[in-house]
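Taking it in order: structure first as structure tokens, then the write-up.
All of these numbers come straight from a predicted model, not from anything done at the bench.
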Amino acid sequence: MSLRNRVFGTKLGQIAVLIAFAGVVIFAGWQYAVKEKYKSYVSYKMDADMRHFVDLLNTGDQIYSTILEEGAINSRQSFLLMYVHES
């Protein structure tokens, strides 16, 4: 009789295989849950960063439009542009 038949043929061997299988299933489910949480976190952070980026673009566009209309730049506009391009 082969080793495989002797191990799987006994009740203890069958129970050990079922426990190992259950452990693998539980571990896979846990890994999936962790992956989904991480994906949710990254999506949230990316959404926040994109919103901030769009706000900075709009602010910079407004400042540049004002500068072009006036033909001059003041210290406040200079500071705001420095902040926009630094972020």
Side-chain angles (χ1 to χ4, degrees):
M1 190 184 304
S2 71
L3 179 62
R4 185 179 71 163
N5 287 341
R6 280 188 281 158
V7 170
F8 293 132
T10 65
K11 293 277 185 193
L12 186 59
Q14 291 173 352
I15 290 172
V17 168
L18 286 175
I19 290 172
F21 181 73
V24 168
V25 168
I26 290 169
F27 180 74
W30 178 71
Q31 285 293 311
Y32 178 77
V34 167
K35 182 185 97 171
E36 289 299 314
K37 285 181 184 178
Y38 179 72
K39 189 166 64 169
S40 174
Y41 171 76
V42 168
S43 296
Y44 171 76
K45 291 296 282 182
M46 187 174 194
D47 182 53
D49 288 346
M50 287 303 293
R51 288 177 191 268
H52 183 67
F53 178 67
V54 169
D55 288 342
L56 289 176
L57 283 177
N58 288 333
T59 301
D61 188 44
Q62 290 171 356
I63 294 169
Y64 283 122
S65 294
T66 304
I67 291 169
L68 288 174
E69 286 174 8
E70 294 175 359
I73 185 169
N74 61 33
S75 61
R76 182 176 182 277
Q77 291 167 331
S78 173
F79 176 77
L80 287 174
L81 285 174
M82 183 181 66
Y83 172 75
V84 165
H85 291 292
E86 190 176 276
S87 295

Interatomic spacing from [atom1] in [X] to [atom2] in [Y] - rounded to 0.5 Å:
X: F79; Y: E86; atom1: CZ; atom2: CD; value: 8.5 Å
X: I19; Y: L12; atom1: CD1; atom2: CG; value: 8.5 Å
X: M50; Y: S43; atom1: CE; atom2: OG; value: 13.0 Å
X: I67; Y: N74; atom1: CD1; atom2: CG; value: 7.5 Å

Taking F53 as the starting point, is it possible to reach V84 by hopping between hydrophobic residues whose side chains are less than 4.5 Å apart? no

Output every pair passing salt bridge (charged side-chain N to carboxylate O under 4.0 Å, His left out) with a member in residues 68-83, not counting sequence neighbours, ordered by first then second residue.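 Counting only pairs at least two positions apart or across chains, no salt bridge (charged side-chain N to carboxylate O under 4.0 Å, His left out) contact touches residues 68-83.
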
Salt bridge (charged side-chain N to carboxylate O under 4.0 Å, His left out) partners of residues 43-56, not counting sequence neighbours, each pair once: D47-R51

Check side chain to side chain contact (heavy atoms under 4.5 Å, CB included) between F27 and all other residues, then give those that pass, not counting sequence neighbours.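 Checked F27 against side chain to side chain contact (heavy atoms under 4.5 Å, CB included); matches are W30, Q31.
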
Which residues satisfy the side chain to side chain contact (heavy atoms under 4.5 Å, CB included) test with Y32, sequence neighbours excluded? K35, E36

Who else is in I26's hydrophobic cluster (ILVMFWY, side-chain heavy atoms under 4.5 Å, direct or via others)? none

Who else is in the cluster with L18 when I, L, V, M, F, W and Y are joined by side-chain contacts under 4.5 Å?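 None; L18 is a cluster of one.
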
For residues 58-67, which residue pairs qualify under side-chain hydrogen bond (donor to acceptor under 3.5 Å, both in side chains), counting only residues two or more places apart or in two chains?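 The answer is Y64-H85.
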
In the structure I gave you, are the side-chain heavy atoms of Y38 and V34 within less than 4.5 Å of one another anywhere? no

